[in-house]
Every structure is written in structure tokens, then in C-alpha cells.
Amino acid sequence: MTAMLEVRGVTKSFGGVVAVDHCTFSVAAGSLTGLIGPNGSGKTTLFNVITGYLPSDSGEIRLDGRLIRKPDPTWLYRQGVARTFQNARIFPELTLRENLALAIPAGWRMLLNIAISRADRERIDEALEIFGLSPLADHRAGELSYGQSRLLEFATTLMGRPRLVLLDEPTAGVNPIMIEILENHIRRLHETGVTVLLVEHRLEILMRLCETVIVLDQGALIAEGPPERVRRDPKVLDAYLGA
Amino acid sequence: MRSHRFAWAIIGILAVAGSACSSSSTSTTGSKSPVVVGISLSLTGDFSDSGKTEQQGYQLWQSVQNAKGGMLGRQIQLKIVDDASSPDTAVSNYQNLITRDKVDLVFGPFSTLLTAPSALVAARYGYAFPDPADGAPKTLNEHLQNFFLMQPAGPLDTGLTWTRYILSLPADQRPKSVAYISLDDPFLVPAVALDRTAFTAAGIKNVYDNIYPTENVQMTPLVAAIAAAQPDMVVAGTMEADSFDMVKAMVTEKFNPKYLFFMNGASDSANFPTNVGKQNIEGIFSALGWYPEEKTPGNAEFVAEYIKKYGGDASQISADTAEAYTIGQVITEVVEKVGAIDNAKIIQQLHSSYWPSIQGSLAWDADGKPVGTLLLVEWIGGKLEVVYPATDATHAPVVPKPNWP
Amino acid sequence: MSRATKAGAIRAILVFALLLALPFVFTDHWIVNIAFFGLMFAVLAVAWNLIGGYAGYIWLGSIAFFGLGAYALAITFQHVPLTSGYLPFFALIPIGIAIGIVSIPLALLLLRVRAATFAVVSLAVLFVAEIFAFNLDGLTGGPQGLGMALPPFVVTTFERPFYLAMLVLLAAVMFCSWYLAKSKFGLMLFAIKGDEDRARGLGVRTTTVKVIAFALCCGFTGMAGGLWAYYITWIYPQFAMDPNTMFAIILMTYLGGKGTLWGPVLGAFLLAPAKEYFAYTLGGSAFYLIAYAALFLLVMFFLPRGVVPTVADFLARHRRRAAVLASGPRPAGEQVA
Amino acid sequence: MHLLIYGCILGILLGGVYGLMASGLALVWGIMRVLNIAQAVCVILGSYLAFTAFTVLHVDPMLAVLPISVVMFVFGVGIYYAFLRPIRRDRESLSILVTYAIAIGIEGALGLIYTTSLQHTGTSYATQSFEVGGFQIPTVELYAFLISVAILGLLALMLQRTRLGRALRAATQNPTAARLLGVDIDRVSAVGFGIGISTAAAAGAVYGMIYSFNPNSHYDLIGILLAIVVLGGFGSMRGAIVAALILGVIASVVFIYWPLWANLSFFGVVVVVLLFRPQGLWGVPNWATQ
């Protein structure tokens, strides 16, 4: 199995606080990997560095073995790397349809096409159908419940037909029924062959979903492996209980 | 039906505009109806202080002249509108005055910046445009037939009074070196340039030459730079407050040139001493076109009426007020001579001869530039005295300037 | 053509037909003059709306490009005798394009920052432009101003050509604004306003999109500036690049409804004539600035979204209620849990 | 060379006063992400208050600084509750427009009361100077500098040592965390805004002794203050003070040789900063994501 994403020695600090400390791991192609750690352990910062939202202080990031010198979110999306955010970021002023249309990659010439072309419309309707959002298609996204915004954000992320999806705590602040729906979508996504890296701070969800789990604590990688093994790792127990 | 609502809104706006239009076009022209004079003044905004002093001049003329029976036996009515110191509004105002209110005459606004575009509008409709202040060279270069600057001398002559005086001195008494410093202003820069040309030709050495911006000026370093050049004479193209600041900076820097000339500001008998301190005014030169004690036609009456109407004393009368009053005075004379309100004839008359006024006899060249000269004044014994030309002098000039106290 | 588009087209044709008829119906100079300034502010507000309303960037330097356009036309025609009074109108087209192109490098520099930083830096652009206009007096005449060749139009209909040219410019910028709002490009601008970082994460080339909107805004603003210069015939730095005009444009856009198609136009038609009219009739009221500030605050607090969206929402609610009443009680099945 | 050094000295003296004005702007930005365009008009307001105190009550502007600060603090708190607290959405952008409206409102009121003529607080020592090493140091500019430094020192002491100061600093560094720690952000913002306005007015009281001013002087001043805040990095008071000194010196030196271009030096520096360090000297990038 080749590594789709490799992170080597990535460090990021804010002022004096080291948020990510020489972090090294890799995500195998086609895998569903979990990234776990207590609050403030640098998971989101690491995501931001990988997806180009923050410049790293040192270290390198490789995609398909290719070194990415200066990660840029736009470029990465077009390379098939998509992500979600901790607090579902959607465009509340736009309709659901427009939210999805926006995420369909557009070439230069398509800039002047009307916002939602006929071909796009089919894909959008399909996505809305899958996520059960069809009845709200022409409502403004701001009218959605939080769980629905999560679904919409997830759906949006998939419009670019990504190969690697980074999900930042997709189940945070969502009711149990919605958690189940989201878990099913993640599983289905994985089954279509997409590589998934999932940030979570709740172990049980990762246990149910992931093949491999990576554990961060205070910015540093402390364990890596199948969920069952990681769960018994003393360092992990320390990080979770010792604090 | 959103679309129709919107359309109705537009129709509504047009309807309002239309009704306003129709209501205004009912002006009567009976023989005893008043003579309406339209003026746009900067009553708010950047130029509002000068705008208001001009307004006083216009209103004073109106009440004085109406008491005498008005113009051609008709009462004078002023229609003064505000342009908020904006040229767009000034242009609109003159358009409104001429084409909507169909005023009989228009008088000029304050500030060159509004004069040029406004004069063009008046020219388009054939109205005479007597202007109280600030005919910048570029306005004159437009060669407008209808434009008249109601001052004794062209704006660039402010400095020429000073050059005539200095060059009238015997060569060995003249200053040897000169520093030029000027505000970045439409007519001060070219006025200083005229002085420079004259002094350079006379062999006076130019040791410093600079221009400073209109805002946020820290005078101390500027004066330090001038002092470092050690000139005998400083020619300062100042406007008003900047001359006060410059004097104060000179005192602070202990820099005392032998000859110190300010184009404006120092001639302001009300504000100059209070702002720079009475002890610091001695020996400073400036130029002016009008002063309260001047023996010119109607001047005594003007000063008396001013004090009666607005209070205070003669030294507080602004030159702006006198200039505005002059316009009324001259135009009244011209209209009485023509015998009708006919702008074409008024323009022709103004061009054809000298007209008496509180600022002396006025006449203009083809571009509306006055052909007279200004008076050179100096602070002597705490009083502003006319020192040149000798025919008008009230006191002999005192040079070199005494040191700061 | 969908119903909505059709209604929009009818509305646009109606409004422009009325505006086209105006100078022929009301021939008084002063009406056409005020209408000209109304149109000018409409062009400026619609152009500003492209970057300020659609993309949500508080761009405080656009009036610098108004001045740039004014100087460009005035310098071009300063010494050229006008064989035809219409020549400068046509010269506006290359000037507008050139200004749009010139603005691109500046956009690349400015758009590195966002939100309040962008606002501050864009205000700095305005101040810098003004300083250059004042100080490069060989080119701009400095504080003495710059006059341009007098328009050789007959006095009776003097304002009409300017009015019609400004109307054409308004039609052009409105078409541009409408087309962009309908296009993928507009969608991207709205997304940038909503959440620029998220948009980047969805493959939107935010920089390119912003720069294009910026260049369009500057180009149209410059053309309006050129036309203004030709009309007023005399330009000074402090009036060609006046911060107060800048904020007036923003106020108009907010009043009408920022980010909407007709909002800026409505705001301009309400405020621009009102300003001239009140200055003329109330003349001399020192409360002018205070009243202006109060109006500004009222709009910000009580009509933050502007007239057009507020009225549209009200009508939509009204219509929905009417529909509900007409069809009797209905299960609330529209909303999905 | 002599002139150059003299320019630097005057620049530092003036930079101190600008530093006082700009530090309030930076503080307000730090706490509540409000860019107060009315900061400059509050400087002018302070100048007018000192002018009135001087001409009517014959109180020296140096002494008037304290009561003016207190009055303007209350004024600032009032402005906060009336106009800034109600802004909920889009605070960063809307606050610019709202504070602009406040600025022109105050400008209009000043115009009504004082007219638009230029004024100047002409104290007896306005034209005094003393010589140090061949340089004529204007007494009034030195006093203005010393007063500004004293107020900044007091402000720093307050921020370091008092409970209120800690709350203000916490709010500046991380508003969300500060709220979690039990800081009443609303009250802290009001106090912070009050302090911002009162520093502006205090600086204005001494500014009026150096410069002539009228109600619309604030347009030029706000450009300078914003340039300082951009250079210093938004929200960093230390950055604002250092930037004020740097820009004061640059502008003063440029002014001696090329007076017309002095103001450009302020904005030129902003453009250079933007090219190489968009977050300013001491700031952190303001686009950092959650």
C-alpha cells in the first residue's frame, strides 16, 4: 500500500506555544485513518497546515509521494484534497444548490457561464438526494439546522470528486441520530475508494470507523496503529486520563 | 409584484421632480418686482468662514442700497444658496439660479476652486460674473468675457508690490539673499514665481526655495531649514493661519530675517496680532487692496454701516466682506448707467471704463483681470501702516526688521 | 427565459426607457443637471457594489480611480481642439479599459489583506493618489487644477449629451453587474463575502475572482470620472478624489441594498438629488454634516440590509401569507427535520 | 547634517504625541475589532476643549489634560453603548462606516460651535525654546512629548498591574477565552473604548498647542493614525508607539527637505509594509483560521 499523504517533522508554533511538534505520520491510499487527541492537542492546527491554511515552521508534506512546497487550499482542492471544518462552514446567504454548485471546479471559461448549468444541476440534485436535502434545495443555507449544515458541508466537500478527504470533528455538536447518519456517509465514502483522514476526540467513534488511528498529544505524535492496540497503549491512556 | 413597485418608485421620483419644475416656472416680471440676485456661497464645508464673511458683504450692500431705493427703483432681493464648498453643487446651484429661478444677476462664490467651473456656467448663459475673491491665473487663462475679479489688482500682483518696493531701494540697501517659501496654492505659487523672476533679474541671490502642503504642517523644521540658508529676506507665499504658524516658528527658532514679507495673513489686522502675539508683529510686511481708513468712494459709509449692522470696530472688517460689497456697489452703478438689467450690456460696460468703488477705481483687461495695484503695508508701532507706494503711504517703511523681543 | 428573468428584463427596460425619456420630457437645464449627478452616483455605486457589495470588501479607494479617469480624459483633451464634442465620450472607452488594466497590479498588492486592514490600506491608496494629484503639477496642474477643452454643445440642450452618455455607462455597468450576479463568477464573489477561506478550500480561485471584480469596479469608476471631468470642465485634486464622496457612494449602496442589483441605483437616485436639492433649498443650514451623519447612522442601524432587500422580504412574506390564506390551512410539511 | 539631526529630534517629540493618539486606536481594535475612524476627530475635540479651557477659564492645556481625559472617557463609554454595542454582524467592516458617521457628526457639531476658522491654543510658552547642543528645542513640543510619555506610562502601568488591566489584556489577546474566564467583555469593551477616546483627547489637548486646527483637520490626521496602526500591527499598542516614533522621524526629516512629500512618507511606508509583512511589525496575521 502506498502512502497518499505523508507528514514529516511538521512543526508549527504561535508565539511561544508549540501547537504541532515534529509530527510525522502517513495515511495509506484508500484507508480510513483516525487522528485523535485531547482538546488543544494540535489536531486542527495540523489540518490547517496540511491544507495550506497555515504555513508550517518546518517539516514537509507529501501527496502521492510528491513534495508540496507551499500548500495552497485552492490548488489542493483541484488536486483532489478536500476538507471540512470543526464548526461546519457553509455559505448561509446562498441556497443549498448554490453552495454545492460553488464547489464544482470551474475552468476559466466557465466563469462566465450561468451559476448552475444543466450538467451541474444533475450532479447537485444527485448529491442533495443522497444527503436527504432535496426538499430544501432552494432554501438559504442559513435556514438549516446545525446537523443539516454538517451534511451540507460534507456534501459540498465531495463535489470536487476528491481522492483524499480530511474531516475535522464531523460529529461535534450533533445529535446521536445525525451522528449515525454522518457515520454512514463516511463509511460509504470510504467504500467508493476515497481516502479519509478523520479528526475526532471521541475514541468510540474512531473505534467503530477506522482501520488506523494516530494519536497526538501536545502537538506530538504519541501512538499509531489499529484502534484496539492504540486504545491499550499506556501513553494514550496517560494523555487522556493523566491530564 | 416587486418589479412594478420599483417602477412606480421611479415614476414617483420623476413626478416629484416634474412638479417642482412646474411650480418654479411661475416667476413674474412686473415692473415693480424685485431685482433678484443669485449667489452660491460656501456656508458649510471647508470654505464656510470666508463664505459667511462674503455673505455679510452682500447683505450689507442689499440693505444699504434698498434703503436708497434699490436698483432702477426696484428692491433688491438676494437668493443665496449653499454649495457646501463643493464644485458639483456650486455648478448645480448656478444652473438652478439661472435656468430655474431665472434670477436677474449672479454674483460669484468664494474660492477659486468653485469660481472657475461656476464662471463657465454663467458664461454659457451669457450672465456677467463679478467675483469677489481669488481669480487664479488659470481661471483668467480661460479668457471668459463675462468674468470680473472685483479687486484692485490681479492676484499675482500680491508679491509685485513688494518687488517694486525692494527694487526702488538703492542697490546697496537692498537685501543680498532671499528665501522663497510658499503654500501649495493655486495663486500663491505663481505669485511667488513672479517675485523670484524679478529678484533674480536684479541679482538678489536665491538661497532657499520650497513649497509646503496645505495640511498638517510642522513649521519648526521648515523654518529651521530656511534659517540654515541665512537669507537677508524671506518672501512667504502664505494664506492665513500658516503665516501665524510661521511667525511663531521663527520666534521659536530665533530666526530674524532683515526683510520679512507675507503675502496674506499678516495683513489681517484683527487676527494677526492676537494669533502671533502683539510683541511679535513689528516690522513685518504684507500687502492689501483695501483698508478701513482708505479714502475711496463710499468707504466711510461702508465702514459705518458695517459697524451699525454687525457691531465691532473697523479693524474687524474682513477684506472678503469689502470685496463682496464692492460687487454690489459697482454693479449698481453699471445697471443704473445701462438703465436695464441686461447682462450683455453690463459686461460691455464693465469692460469699457473705470468704475469707482470702496477699493478704489477698478478696471479690467479682456480676461477680467484687474489692472490696478495693491498697497504695501507694514506693522509699525503695533499698527498696520501703508508704506508703499509713496503716494498712498501713511508712514515711512521701517527696515531692517527689529529683532524679536 | 424564466419568469424571474422576464420580470427583471421588463423592469430594466421600463426603468431605462423612463430615464431615456427624462431629458426630452423635462428640458429644464437644472433638472437634467441634477439627473446627471444622480446617474453618475448610480454608476459609481453599482461599480463599487461589485467589490464592496458582492465580494464584501470595503474598498475605500475607488474614488481615486474616479479622479484618475478625470485626469486621464482632461490631460488627453487639454490641448486637443475638439472637432466633435462627442470625441471625448468615445475616448472614455479606451481610458476605462486602461484604468482597469492599471488597477490589476494594485489589486494584487491590496487584496493580500482583508476586512478592516483592507479598508485602511485602501484608504491609504486614496490619500496617496490625492498627494500625487496635488504634487505632480506638471501633469495635473496641482492645486491650480486642470481645465479641459470646453464642450461645444448648443446651450439649449447642453446637458443632454452628458446625460445620455452617463445613461449608456449606467446601462453598461448594470448589465455587467447583472450578468456577473447570474454567473458562476458572481457565485464565487458571494462565497468570498460569506467565507473566503472556505471558498479557497473549495477550489475557488479567490485572488483571480477578486482582482477581476476590482478591475471592473475601477474601470467603470474611471469612466464615470472622465465623463464628470468633461461635464464640469475643471478639476481639482480635492474634489476629484474626495473622501466624502467615497463615503457617500458607500452610504448610497447600503441605503439601497448592498449586494443587490438595483439597490445601489435606488440609493443613488434617492440621495444624490436629495443632497443637491437640500443644499439648494435649505441653503446655509450648518446642520448639514450632522444631518448627514444622522442619516448614515439611521441607515446602518435600522436599514442595515438596505431598502431593496427589506422591501423584497416584506413583499415575499406578504405574498406567502396571502397564498396561505387563499389555500386554507396546509400541513407544515415544507420543512424537513 | 545639523538639520537632519534636528529633524530627528523634532520627529521623536512629535512621534510621542502621535503614539499616544494611535495607542488608543490600537487598544480599541485589539479588544473589540472596531476600527475607530472617529479617533482623529476626538483628538480635535480634545484640542477644542483645551482651547476653550485656555481662552475662557485660563487653564493651561497641560493642566486641562486630566479633566479632559475624564470627560472624554465618559463620552467614549457613551458612544460605545449608543453606537458600537448594537453592531452585531460584520462588526469589522460596519464599524468603519459607523465611526465615520460619528466623526462627521462631531465635525459638524464642532463647526456649529467654533466655526471652521483655524484655531490655536496660544500659551505664553508657545514660542519659547531653549538651546541644547546647537539645537533650538521648542518648549511646547517637549512638554507635549513629556505629557504623552507620562500618560502612556500610566496606561502601561494600569494594564500591567490592575485587575482591569489584566481583563483588558486578556480581551485583547483572546476575546473568546477571556469570556470563558469570566471577563465581562461588554463592560471591558466599553471601558477600553473610553480609554481609547480619552487618550485621543489628551493627545489633542497638547496637539492644539503645536498645530493650528479646525473641525475638518481630522481628515489628515486619521490617515496618519491609520498608517501608524498598520505599521505597528493592528491591535498592538507597543507596535503603535514604536511605529509612531519611526513615522514621526521619517515624516519630519522628509518634511525638512521635501515638504510636499512628507505625508506620502506615511503611506509609502504602509505600502512597503504591506508588500513584505502584511501583519505589520508586531501583529499576527489577521486571517488565521479558527
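Naming: A, B, ... by sequence-line order, numbering from 1 per chain. Small disclaimer: the values here were computed from a predicted structure and weren't measured.
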Asks: Mark yes when over 12 heavy atoms from residues, nucleotides or ligands other than W258(D) sit less than 6.0 Å from its CH2; otherwise mark no.
Replies: no
Asks: Give the intermediate values and the outcome of side-chain contact (heavy atoms from CB on, under 4.5 Å) for residues K254(B) and S129(D).
Replies: CA-CA 8 Å; K254(B) 304 192 182 357; S129(D) 63; 3.3 Å; yes
Asks: Side chain from CB out, backbone as N, CA, C, O: work out which of these in L14(D) comes under 4.5 Å of a heavy atom of chain B, or both, or neither.
Replies: side chain
Asks: Please round to the nearest 0.5 Å and tell me the distance separating atom CG of N210(B) and atom CZ of F255(D).
Replies: 8.5 Å
Asks: Does any donor atom in the side chain of T220(B) or E141(D) lie under 3.5 Å from an acceptor atom in the other side chain?
Replies: yes
Asks: What are the two closest non-hydrogen atoms of H120(D) and D245(B), and how far apart are they?
Replies: CD2-OD1, 4.1 Å
Asks: First locate atom CG of N280(B), then atom OG1 of T127(D), and finally report the distance between them rounded to the nearest 0.5 Å.
Replies: 5.5 Å
Asks: In terms of heavy-atom proximity below 4.5 Å to chain B, should L10(D) be classed as side chain, backbone, both, or neither?
Replies: both
Asks: Can you confirm whether more than 12 heavy atoms, excluding those of Y143(D), are under 6.0 Å from its OH atom?
Replies: no
Asks: Examine whether an atom of Y257(D) lies under 4.5 Å from a heavy atom of chain B, and if so say whether it belongs to the side chain, the backbone or both; otherwise answer neither.
Replies: backbone
Asks: Checking side chain to side chain contact (heavy atoms under 4.5 Å, CB included) against P259(D), which of I211(B), L222(B), I181(B) comes through?
Replies: L222(B)
Asks: Give, as side chain, backbone, both or neither, the part of Y208(B) having an atom under 4.5 angstrom from any heavy atom of chain D.
Replies: side chain
Asks: Measure distances from A225(B) to the heavy atoms of chain D and classify the residue's part below 4.5 Å as side chain, backbone, both or neither.
Replies: both
Asks: As an exercise: rank S252(D), G7(D), A262(D), G122(D) by heavy-atom pairs under 4.5 Å with chain B and give me the winner.
Replies: S252(D)
Asks: Can you tell if the side chain of L260(D) reaches within under 4.5 Å of the side chain of D184(B), non-hydrogen atoms only?
Replies: yes
Asks: With a sphere of 6.0 Å drawn around NZ of K205(B), does it hold more than 12 non-hydrogen atoms of other residues, nucleotides or ligands?
Replies: no
Asks: Using 0.5 Å steps for rounding, measure from the OG atom of S212(D) to the CG atom of N275(B).
Replies: 7.0 Å
